[in-house]
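Report on the following structure.
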There are 2 protein chains.
Amino acid sequence: MKNKTTDCDRCDDIFIHEEVVNEVRKNMPNEETLYDLAEIFKVFGDSTRVKILYALFFAKKMCVCDLAAFVNISQSAVSHQLRVLKQARLVKYKREGRVVYYALDDEHVQQIFEQGLKHITEKKQG
Amino acid sequence: MKNKTTDCDRCDDIFIHEEVVNEVRKNMPNEETLYDLAEIFKVFGDSTRVKILYALFFAKKMCVCDLAAFVNISQSAVSHQLRVLKQARLVKYKREGRVVYYALDDEHVQQIFEQGLKHITEKKQG
DNA sequence: TGAACATATGAATATATGTTCATATTTTAG
DNA sequence: CTAAAATATGAACATATATTCATATGTTCA
């Protein structure tokens with residue numbers, strides 16, 4: 001097999017199911033959207049950040065220092081991760097004096113979380 | 001600041017909100033669960049895999065070759081990614097002669113997908 | 001059985017990313 | 001203003017991972 005990356009040279013120069021591929025392509029969200037979607041999930045896809053998100057989900061808001069204590073990594077590491085979460089808009093923050101409090105940005109975060117947990121638990125018992 | 005990783009030495013040797021941390025910790029799912037959750041999202045967190053998942057979501061089932069054509073990467077790369085998706089149980093497969101068809105494993109995948117998309121689109125218009 | 005096709009897999013490489021260390025920035029207290 | 005506390009950030013390092021190339025495995029058909 002040729003292993004080229006152009007569409008026409010796959011599957012021995014013909015599609016097995018060309019219509020299927022075309023149909024899927026026709027209805028596809030644009031590349032950028034799917035890329036952004038992957039980026040969002042990538043942010044969820046780290047155990048440190050998952051713990052942070054869980055803590056914020058449960059406690060509503062927490063300061064950086066408490067998050068570091070909870071997750072049990074350095075303040076610096078938490079801060080770096082909070083930046084990632086901030087950029088992905090999964091988290092928002094508010095300064096109160098010297099302390100900065102973080103909180104979940106919206107309810108989607110919670111729902112994505114819950115679906116993920118369901119997936120795990122249902123698979124385990126199955 | 002000391003930057004140690006033991007709980008008691010954070011925030012200048014005291015917690016700012018020790019009760020908060022303890023409360024969150026008390027209700028936390030076990031480490032393994034949160035780790036597994038992160039692993040699931042990690043699998044979602046790649047644009048190639050997102051495209052594959054989207055295609056399977058839309059077309060119900062597809063063979064490896066068509067997926068390679070659709071995503072526009074090599075057959076080998078798709079195959080490697082399908083293995084990752086398989087291991088995470090996001091995808092199931094069925095051999096029909098020479099051709100192997102892949103499909104989404106369950107409905108959570110779809111719901112996680114949709115929540116993710118909502119997050120993106122709502123943020124964009126906001 | 002052997003050739004051709006569809007898929008899977010191992011090794012290698014390049015790139016991305018999480019953590020730490022050191023240090024900068026911001027804010028309050030004195 | 002200065003010191004100290006809370007947080008943020010840059011550089012470096014280690015690790016993870018996505019892709020490709022080469023090749024193996026499994027399947028059908030002549």
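Order of the sequence lines fixes the chain letters, A, B, ..., with proteins taken first and strands second; residue numbering starts at 1 for each chain.
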Legend entry - B:Thr33 side chain to B:Asp36 side chain, donor-acceptor N/O pair below 3.5 angstrom: no

Sequence neighbours left out, what passes side chain to side chain donor-acceptor pair (under 3.5 Å) with [X]? Give chain and number order.
X	answer
A:Gln87	none
B:Tyr54	none
A:Glu107	none

Check the distance between [N]'s [atom2] and [X]'s [atom1] and give it to me in whole angstrom.
X	N	atom1	atom2	result
B:Leu82	C:dA8	CG	P	7 Å
B:Asn72	D:dA18	CG	C1'	16 Å
B:Gln81	C:dT7	CD	C1'	15 Å
B:Lys86	C:dA8	NZ	C1'	8 Å
B:Ile73	D:dT17	CD1	P	17 Å
A:Leu67	D:dT7	CG	P	9 Å

Inset, instruction - Name the orientation class of the two ring planes belonging to B:His119 and A:His108 (parallel below 30°, tilted from 30 to 60°, perpendicular beyond 60°). - result: perpendicular

Legend entry - Closest nucleotide among D:dT20, C:dG18, D:dT7 to the B:Ser74 side chain: D:dT20

Inset, instruction - Please list, by residue number, the residues of residues 94-102 of chain A whose heavy atoms come closer than 4.0 Å to an atom of DNA chain D; answer none if no residue qualifies. - result: A:Arg98, A:Val99, A:Val100, A:Tyr102

Legend entry - pair A:Ile40-A:Phe44: side-chain heavy atoms closer than 4.5 Å: yes

Legend entry - Sub-4.5 Å side-chain heavy-atom contact between B:Leu104 and B:Leu90: no

Inset, instruction - Mind listing the residues from residues 41-55 of chain A sitting with a heavy atom below 4.0 Å of DNA chain C? Number order is fine. - result: A:Lys42, A:Asp46, A:Thr48, A:Arg49

Legend entry - Secondary-structure stems for DNA chain D, with pairs counted as Watson-Crick or G-U when both distances are under 3.5 Å and runs at least 3 long: C:1-30 with D:1-30

Inset, instruction - May I ask you to decide if A:Leu117's main-chain N or O and A:Thr121's side chain share a donor-acceptor pair within less than 3.5 Å? - result: yes

Inset, instruction - For the pair B:Arg89 (side chain) and B:Asp105 (backbone), establish whether a donor and an acceptor sit closer than 3.5 Å, ignoring hydrogens and angles. - result: no

Legend entry - Side-chain donor/acceptor of A:Gln75 to base of D:dA8, under 3.5 Å: yes

Got a list of side-chain donor-acceptor pairs under 3.5 Å for residues 93-101 of chain A, not counting sequence neighbours?
residue  : atom : partner : partner atom : Å
A:Arg95  : NE   : A:Gly97 : O            : 3.1
A:Glu96  : OE2  : A:Lys61 : NZ           : 3.3
A:Tyr101 : OH   : B:His17 : NE2          : 3.1

Legend entry - side-chain contact (heavy atoms from CB on, under 4.5 Å) partners for A:Glu39, two or more places apart: A:Tyr35, A:Lys42

Legend entry - A:Glu23: salt bridge (charged side-chain N to carboxylate O under 4.0 Å, His left out) partners, not counting sequence neighbours: A:Lys26

Inset, instruction - Check whether any side-chain N or O of A:Ser79 sits under 4.0 Å from OP1 or OP2 of D:dT7, and answer yes or no. - result: no

Legend entry - Trace of the side-chain contact (heavy atoms from CB on, under 4.5 Å) decision for B:Phe70 with A:Met28: CA-CA 10 Å; B:Phe70 173 69; A:Met28 186 176 68; 3.4 Å; yes

Legend entry - Qualifying salt bridge (charged side-chain N to carboxylate O under 4.0 Å, His left out) pairs, either residue in residues 44-60 of chain B, two or more places apart: A:Glu31-B:Lys51

Anything under 3.5 Å between a protein N or O and an N or O of nucleotides 10-14 of chain C, put it in a table, one pair a line.
residue : atom : partner : partner atom : Å
C:dG10  : OP2  : B:Arg83 : NH2          : 3.4
C:dG10  : O6   : B:His80 : NE2          : 2.9

